[in-house]
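What follows is a single structure, written as structure tokens, with notes after it.
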Number of protein chains: 2
Amino acid sequence: MASLLEGQARPIRLADIAKAAGVSHGTASNVFSRPEIVRAEVRERVKAVAEQMGYAGPDPKGRLLRAGKVNAIGVATTEPLSYFFDDPFARVMMAGISEACDATGAGIALVSAANQEKLAWNIQSALVDGFVLFCIEGGSRLVDLTRERRLPFVALELGFQDETVSAIGVDNVAGARLAARHLAELGHRRFAVLSLGFADNRTGFVTPEVVRSAVYTGTRDRLAGYFEELSRFGIDTAKIPVYETENEEKSTRAGLQAIFASGEPPTAILAMSDRMALIAIDWLRGRGLNVPGDVSIVGFDGVPDGALSTPPLTTIAQPITEIGRRAARMILDHDGAVRRETMGVEFVVRGSTGPAPKA
Amino acid sequence: MASLLEGQARPIRLADIAKAAGVSHGTASNVFSRPEIVRAEVRERVKAVAEQMGYAGPDPKGRLLRAGKVNAIGVATTEPLSYFFDDPFARVMMAGISEACDATGAGIALVSAANQEKLAWNIQSALVDGFVLFCIEGGSRLVDLTRERRLPFVALELGFQDETVSAIGVDNVAGARLAARHLAELGHRRFAVLSLGFADNRTGFVTPEVVRSAVYTGTRDRLAGYFEELSRFGIDTAKIPVYETENEEKSTRAGLQAIFASGEPPTAILAMSDRMALIAIDWLRGRGLNVPGDVSIVGFDGVPDGALSTPPLTTIAQPITEIGRRAARMILDHDGAVRRETMGVEFVVRGSTGPAPKA
DNA sequence: AGCAGGATTTGAATCGATCCAACAAAAATG
DNA sequence: CATTTTTGTTGGATCGATTCAAATCCTGCT
């Protein structure tokens, strides 16, 4: 009864049970953290007292401060938390991260924030040993914020100019070239590009100026890959409309609208993400256009959904899970070095591409 | 240069910069946590020193101990971490939890473990203010473990006998009855049940004995609901095969195999989860059976995938997101009370059910 | 100059553990 | 029986911050 009341008043500390059991706090600590070094008799007595007083076991908060290591990695993004469970790309990536964490017993803390101040605070106060950053919108700010924590971190997905941060990405140029070559070889000559962001918070048709001043070099590289390859086929890339979206429904549909508003609609779409590609398939169907009969589409990423769409999506598959695993491991066995890894991509031909329609 | 070297040696503490700036640590602390109460001049000086010495800002580890609150909730399961990103039910649930957390700025820590010892340790050492428990396999152990932390927690999904723990669930009996009635009204008379677990780690056909000693009352209630309703239609429920699976591919397929091995195969399947229902649809197709022509199927849960299958799944939809939101909020604004909430379910008729085949 | 009263600063106490050098007791060894 | 070794226990130091009562500094006013 007394113990119940006390429990209500304030949680029982290790020191309390040490006193009650008549041992030093050092010994009491050992009872829980290294039971084998304390005499059986004492151990049992202390445990009994702890049990009887309703002690919850050593508080991780206290342990943490002493130990220094949290044994958890933070995964951060500027999207809302639900992004981790909604977005197919994120989900596969998280599966990879989870695997690595499971293997070492580390935990995962999800960090995010709707607004900028909260983001800053959340990054600053996250109890983690390091961060994996999902660099979508506002990625550069995320990197800056994280750098201030002076914890190890890895930037994912989109490349940055900044060579001083660890990052894992894919060979964007090579992937983009594969996609472009495939379409060109199928006879396509009129192209459009659904592009990821070049800088934060802009959408719409892209000018050479925008490309030149790209913050996200991943986007720039993919575009460069597309163009390089298409040039080889004698295609005038300057005429290709490149529409920058926010990689979601609204802006992607707006882009398609804009692209197909022209007199000479494309017969092939190069999408820098599967998400956009999938939206495009849906949009085109809604317009009565056949994929790949009228328009061929190649995505980028290789998310599982792509295999299930109608038609299934031809795409450039990134080793997403593997990227996640490596990113997590980079943090888990961090050695202070800055690493930049580039993974290969795989070309997956499915049903969303076909010969150019005879015009 | 010097600062760099020192940085390598050991991280700079608040006390270090306090000394360097010639102020007390109290003031130094205020510079970061309540800048408005320190004189502008001092504030700037301290900040400058901090900047120059490469101070990473107040370490959350230290702050945490003092503050007592972590501002994060743990979500725990006995499944591997990737479960959170793979399983459709879990994903929708997490979306709800995320929403509630986003709203209050709380973080989410994912807790799991392959083996039992790790589970115990992970639960014991998670830095959280409370837990949301996904009670799948081994749920009772998870509850016991969590109880020892003496932190607020809520059990999800499957009911327990134990009335002393907070829990959110759905009206399993009502939902099951809706499903059963629907099929009975369509003229079905030969049924089979794909069941969730009654106790940990068993699969196979279920005997009355198993039902009586059920650990998971949610499973028991769903079965009771099915049977109650079918009885009303004069169906002999004692003859209905009930196969308990682990709610994944292998055991579910084994169950279907076993069920359809009999001379009088069912024309209707009551699945206690959409996952099993979806697997069943696939298995039946593989066997050349038409759904719903030959066999009708009703799921339970209402996961988004169910709407996309061929045929789309008729199911009992739980308000999954809402359950997640409430669970998170129960932890976030915990008041010490034990709460048990039962949510209503919604019957969603789609394409996997039809009239019983003639014959 | 003297003083009230607000604005700042200080420094000790606290949060809850773990670590470790030193010591004590018991057991083994010569 | 003296000496070493082994085994267990102790209590102070530490992890890195925040808090708060008390001390100090200003400012304006009489």
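Residue numbers start from 1 in every chain, and the chains themselves are labelled A, B, ... in the order their sequence lines are given, proteins ahead of strands.
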Inset, instruction - Return the value, rounded to whole Å, for the distance between atom CG of B/L127 and atom C1' of C/dA17. - result: 12 Å

Legend entry - Within the 6.0 Å centroid threshold, strictly below: B/F85 and A/F85: yes

Inset, instruction - Determine: side-chain N/O of B/R63 to OP1/OP2 of D/dG16, distance under 4.0 Å, yes or no. - result: no

Legend entry - Rounded distance in Å - NZ (A/K69) to P (C/dA17): 22 Å

Legend entry - Side chain of B/V38 - closest among D/dG16, C/dT9, D/dT19: C/dT9

Inset, instruction - Report the distance from atom CZ of B/R43 to atom C1' of C/dT8, rounded to the nearest whole Å. - result: 12 Å

Legend entry - No-hydrogen, no-angle side-chain donor-acceptor test under 3.5 Å, A/Q124 and A/R149: no

Legend entry - Length of the CD-P vector between B/E36 and C/dT9, whole Å: 13 Å

Inset, instruction - Could you tell me the separation between the CG atom of B/L65 and the P atom of C/dA13, rounded to a whole number of Å? - result: 17 Å

Inset, instruction - Side chain of A/H25 only, please: which of C/dC19, D/dT18, C/dT10 is the nearest? - result: C/dC19

Legend entry - Note, B/L151 side chain near B/F131 side chain (heavy atom, < 4.5 Å): yes

Inset, instruction - Quickly work out the B/E41 CD to D/dC25 P distance and round it to whole Å. - result: 15 Å

Inset, instruction - Starting at atom CD1 of B/I37, determine the distance to atom C1' of C/dT8, rounded to an integer number of angstrom. - result: 8 Å

Inset, instruction - Between B/G62 and B/G26, name the one whose nearest nucleotide on DNA chain D is closer to the 5' end. - result: B/G62

Legend entry - Identified side-chain contact (heavy atoms from CB on, under 4.5 Å) counterpart of B/Y55 within the set B/D16, B/V46, B/V49, B/L14: B/L14

Inset, instruction - Hey, which sits more toward the 5' end of DNA chain C by its nearest nucleotide, A/A67 or B/A67? - result: B/A67

Legend entry - Min side-chain heavy-atom separation B/R43-B/E36 under 4.5 Å: no

Inset, instruction - Kindly say if B/T27 contacts the phosphate of C/dT10, meaning a side-chain N or O under 4.0 Å from OP1 or OP2. - result: yes

Legend entry - Value in whole Å for how far the P atom of D/dG16 lies from CG of B/N30: 20 Å

Inset, instruction - Answer yes or no: does a side-chain N or O of A/Y55 lie under 4.0 Å from OP1 or OP2 of C/dA17? - result: yes

Legend entry - OP1 or OP2 of D/dA17 under 4.0 Å from side-chain N/O of B/S29: no

Legend entry - Candidate nucleotides D/dT18, C/dT18, D/dT9, ranked by approach to the side chain of A/L14 - the nearest: C/dT18

Inset, instruction - Return no unless some side-chain N or O of B/R66 is found under 4.0 Å from OP1 or OP2 of C/dT14. - result: no

